[in-house]
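As structure tokens, the structure follows; a few thoughts come after it.
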Amino acid sequence: MGRTKSRIYTMQELIQQFDISHVKPSSCRLTPQRLPDFNSLELRQKLADKKELALLVQEVKQLVSRTYKDRLENHNLLLQDDHIMSVLRWSQDRITKLTDLVNSNLAFLWVTPSVHTLEDITSHSSNLGVLEDIRLCLSKLLEAEFRREHLKTLLNAFSTEKQLPFSKLMKLLRSAISGLKEGPGVAEMMEILGQTGTLARLDHAVTVMKTFQTNK
């Protein structure tokens, strides 16, 4: 028999269902393996409540500010309320606690890649033209089109048109957008960052590359 689906009961529901005759020594046993499930359930409930969502946004803002304190001082963090709300909704099936949002593989959600992390892509001069071209393509999309599946189609078509191996294009875009070598798919990262955020990351990478080539 499958395990009963977890849910969180209100205090009133627990009171109504309580029966002292059902209480046994094993009833008090804690099952740590189920705690992440309950954490996720609580997060979903809070996301569905306006007041709780507002509190979560502030909690995430403080968490990110503490984790990336050096970037905060440089005003180099994405901490807008709308962005945090989008991240929370996107991540509700991915995380079991808020601190998961500041794991290294999700740093792209908050931090613009540093010049140091972009060094790998500056070594190939052809990368500059590719980034400028893909930036132009993405800028022409409507906001409603900036969705994962549509972006995947666009990136595939771009790769074919430019005769550029798809894997090489993904590696370049992942570095330019996140500064990471792994993490969520490129189209998924673009979707969560949104059109404005994605274009800003590409502009930043292009600027770094032009500066590098000028000083070379």
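Numbering of residues begins at 1 and proceeds along the displayed sequence. The analysis underlying the following values was restricted to heavy atoms, covering all of them including side chains, and did not include hydrogens, waters or symmetry mates.
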Answer yes or no: is there a side-chain heavy-atom contact under 4.5 Å between [X] and [Y]?
X	Y	value
L47	M85	no
M209	E132	no
H150	L141	yes
L169	K162	no
F212	V115	no
I134	L154	yes
D203	R135	yes
L77	H83	no

So which atom in [X] and which in [Y] form the shortest heavy-atom distance, rounded to 0.1 Å?
X	Y	result
I121	S175	CG2-CB, 3.6 Å
P113	R201	CD-CD, 3.7 Å
A205	L131	CB-CD1, 4.0 Å
M189	S178	SD-CB, 3.8 Å
R71	S114	NH2-CB, 3.5 Å
F108	L193	O-CD2, 3.8 Å

#### Entry: Audit row: N103, I95, side-chain contact (heavy atoms from CB on, under 4.5 Å) steps and yes/no
CA-CA 10 Å; N103 286 344; I95 66 172; over 6 Å; no
Is there a donor-acceptor pair under 3.5 Å between the side chain of [X] and the backbone N or O of [Y]?
X	Y	result
S159	L155	no
Q58	L55	no
T96	S40	no

### Query
Stepwise, does the side-chain contact (heavy atoms from CB on, under 4.5 Å) test hold for V208 with E119?
CA-CA 9 Å; V208 169; E119 280 182 359; over 6 Å; no
For the [atom1] atom of [X] and the [atom2] atom of [Y], what is their distance to the nearest 0.5 Å?
X	Y	atom1	atom2	value
S91	L106	OG	CG	8.0 Å
T153	F158	OG1	CZ	15.0 Å
H204	L118	NE2	CG	5.0 Å
N105	L180	CG	CG	7.5 Å
L79	Y68	CG	OH	11.0 Å
E59	I84	CD	CD1	11.0 Å

### Query
Would V130 end up clustered with F166 when hydrophobic side chains under 4.5 Å apart are linked, directly or stepwise?
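The answer is yes; both residues are in one hydrophobic cluster.
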### Task
Evaluate whether atom NZ of K171 has more than 12 neighbouring non-hydrogen atoms of other residues, nucleotides or ligands under 6.0 angstrom away.
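At most 12 heavy atoms, drawn from other residues, nucleotides or ligands, come within 6.0 Å of this atom.
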#### Entry: Qualifying residue, where the test is side chain to side chain contact (heavy atoms under 4.5 Å, CB included) with L98 and the options are N39, L43, V64
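With L98 as partner, N39, L43, V64 yield a single side chain to side chain contact (heavy atoms under 4.5 Å, CB included), made by L43.
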### Task
Quickly, which of L173, V186, L138, I192 forms a side chain to side chain contact (heavy atoms under 4.5 Å, CB included) with T198? Name it, please.
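The single option meeting the side chain to side chain contact (heavy atoms under 4.5 Å, CB included) with T198 is L138.
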### Message
Quick one about E188 and W90 (side-chain donor to acceptor, distance below 3.5 Å, no hydrogens or angles considered), yes or no?
### Response
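Note: W90 and E188 side chains meet the donor-acceptor criterion.
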### Intermediate values then yes/no, salt bridge (charged side-chain N to carboxylate O under 4.0 Å, His left out), D100 and K97
CA-CA 6 Å; D100 291 342; K97 54 188 183 302; 3.0 Å; yes
#### Entry: Working for side-chain contact (heavy atoms from CB on, under 4.5 Å), residues V60 and W110
CA-CA 11 Å; V60 170; W110 319 109; 3.7 Å; yes
### Query
After noting the C-alpha distance and the side-chain angles of R44 and D93, does the key distance pass the side-chain contact (heavy atoms from CB on, under 4.5 Å) rule?
CA-CA 9 Å; R44 289 193 190 96; D93 295 323; 3.0 Å; yes
